Amino acid sequence: MSLDLIPQPRSVSPQPGTFTVASATVIAATGDATGPAWLLHDALRAGSGMAVPVVPHSESAAITLRLTGDGHQDFPSTTAERYRLNVTEDAVTIEAPHPAGLVRAVQTIRQLLPADTLRAAPVLGRPIELPCVSIDDEPRFGWRGVMLDVARHFQPKEFLLRLIDLAALHQLNVVHLHLTDDQGWRLEVPGWPRLTEVGSWRSETVLGHANSGLGFDGTPHGGYYTAADLKEVVAYAAARYITVVPEIDLPGHVRSVLAAYPELGNTGSAHPVATTFGIFPEVLAPSDEALQFARDVFDVVTEIFDSPYVHIGGDECPRTEWLASPRAKARADELDLGSTDRLQSWFTASFADHLRSKGRRVIGWDEILEDGGAPADAVISVWREFATASKALAAGHDVIVAPQKAVYLDWYPSDQPDEPLHIHGHLPLETISEFDPAPADPADDETEHVRPLGDAAEGLGASRGRVFGVQAQLWTEYLPTPRQVEYAAFPRLAAVADMAWSGMNSRRDHPIADRLPGHLSRLGALGVNYRPLSGPHPWQQGGTGPRARFDSR
Ligand code: ACM
């Protein structure tokens, strides 16, 4: 019998028979196992209508969650998320060294239950049954992420909670929020009120693709999260052992900042929040005021987010304004940088120092390696070329593998002409399901590896830095609403989750193509606007208007 689990567990032994989730069942858990037990309670209650009580101990307990370790967790680590799940006709037993592993097992149970139990209210008659099975599981990578861009198009808080729940179901453990960009600033910062008054909305948005020449929609767009909103999101994720990693993109991608505070820029001229997409020349001036601004923002960010890592962006920061600015050049001379181009490296080091003083490490997009490089403790999100991973690792940096050709879910999912508007590119499920994020990684005790992107990253594991894991990106220039984000994300994100959790041999022995049809019924029960394997439904297609497919490069 195929259980169609995604990701594929390390070891699965299906047994004959079923366990009946009867109304008399109780869940036994104590201490730090209690939180995961209540998650299971909530899942059963919603989908089956049965309120299975959580009790500390019971002779008759039919479902038991037990911690076998000291609960210590380094993040990212794979061992904290190990679990054993044993389902017999009489009992369900979950054991893990850390509550994170118990939560992963609960997600596996959510997948083992009939798909309709994922609904918000019961539609199935009783009894609800779980197939007997013995699972011994552990992820390949300790960082399994998905990034959502809430700057290009603001995404409602309810969708952040839903995405966290969907990430949890797929055993992901990082949700990275890209909170700021040229087109909008989404975070309230006391002392800098204009960031939200001015920077959180734009007057209108380009219609169709930025290069399609269709004009503008004439409609304001915006929104921002309060500190309480984001604390709620962080706590919701924490209950699922998911870390929310905040990104403040600096020193480029700051048109929304400069619209609010033009004095932080190089020219002092006011620029409105951007209404189209691309790379803009406007960047922060290398001034004390700009550094103070960044420190104030990071102080707020570290107060809200408990992530040990803070993403400082650093991508696509043109040097044009600095090279034209006598003040920027004077600053580079005063700092003895040897070149104005090195100002970004100086910014990165300053951000890293400040965040380190607060016990946090910086992550940056791979551009932070250029023109002077990044501090040794900076983690690199490798996005442009997979080969950069080898270079970053050789330089001693820890790395998050996020190459656009393998995990940018804002790329077109097929070459069909009826696909709705995406940014560009071609990233079908097959490319994702074949990609090995760390070829020849000794941590993966399997031997055969697939290298659809070439040999560039051969020998990653032999380097000084560590491959933390892998992360998918959902940039939202052309995914304005949650439904459009869901179309781009699913089912490709399920394949990314499989890539991040399962070893290459299990992925090859259990092709995701065989497991996806069963898994899609789970996404269907959850109301996810996924892309059918054969292509978009008519109402998901681009049609002939501004959402028509447009391939600009
Ligand atoms: C990026 O895609 N600009 C990181």
Side-chain angles (χ1 to χ4, degrees), residues 143 145-153 155 174-186 209-211 245-257 274 276-284 309-320 344-345 347-348 351 362-371 374 378-389 391-392 397-412 421-427 431-432 435 437 453 468-479 485 488-489 492-493 496 552-553:
W143 186 291
V146 56
M147 186 213 78
L148 180 65
D149 169 8
V150 296
R152 270 52 174 273
H153 280 96
Q155 303 292 329
V174 171
V175 171
H176 163 176
L177 295 179
H178 180 79
L179 286 164
T180 70
D181 214 304
D182 296 302
Q183 296 80 10
W185 180 278
R186 307 290 173 221
H209 197 282
N211 298 340
V245 174
E247 177 185 351
I248 306 296
D249 201 349
L250 302 173
H253 283 286
V254 289
R255 280 278 298 263
S256 60
V257 176
T276 186
F277 305 109
I279 302 176
F280 296 89
E282 292 81 18
V283 302
L284 289 184
Y309 304 90
V310 173
H311 206 299
I312 59 153
D315 58 322
E316 300 173 330
C317 176
R319 312 313 196 210
T320 333
Q344 179 170 1
S345 174
F347 265 117
T348 306
F351 302 156
V362 293
I363 312 174
W365 299 108
D366 58 55
E367 286 94 331
I368 69 168
L369 293 169
E370 292 166 5
D371 296 331
V379 182
I380 310 299
S381 302
V382 171
W383 75 276
R384 289 176 298 176
E385 293 294 335
F386 187 35
T388 306
K391 292 182 197 142
H397 291 288
D398 294 329
V399 159
I400 297 161
V401 174
Q404 49 186 345
K405 286 182 188 163
V407 287
Y408 266 40
L409 304 183
D410 59 329
W411 283 29
Y412 281 103
L421 183 65
H422 283 65
I423 192 162
H424 52 235
H426 178 57
L427 179 56
T431 303
I432 300 172
F435 180 67
L453 301 186
F468 273 4
V470 59
Q471 183 174 298
Q473 273 55 242
L474 286 162
W475 300 103
T476 59
E477 288 96 328
Y478 304 110
L479 306 175
V485 173
R492 290 183 293 176
L493 187 60
V496 173
S552 65
R553 45 166 151 139

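Just so it is clear, the model here is predicted, and its values are computed rather than measured. Every number for a ligand or one of its atoms is a count from 1 in the order of the listing.
Side-chain atoms of Asp249 come within 3.5 Å of backbone atoms of Gly314 as a donor-acceptor pair (strictly under, hydrogens ignored).
Aromatic ring orientation, His311 versus Trp365: tilted (interplanar angle from 30° to 60°).
Inter-residue side-chain proximity for Ile312 and Leu250 is flagged as unmet; no heavy-atom pair is nearer than 4.5 Å.
Within 4.0 Å of ligand 1, heavy atoms belong to protein residues Asp315, Glu316, Trp365, Trp383, Tyr408, Trp475.
For Tyr412, the ring-ring contact (aromatic ring centres under 6.0 Å, His included) partners are His422, not counting sequence neighbours.
The only member of Asp366, Ile363, Asp398, Val362 that meets side chain to side chain contact (heavy atoms under 4.5 Å, CB included) when paired with Ile380 is Asp366. Under the side chain to side chain contact (heavy atoms under 4.5 Å, CB included) rule, Gln471 has a single partner from Val407, Val146, Val401, Ile400, which is Ile400.
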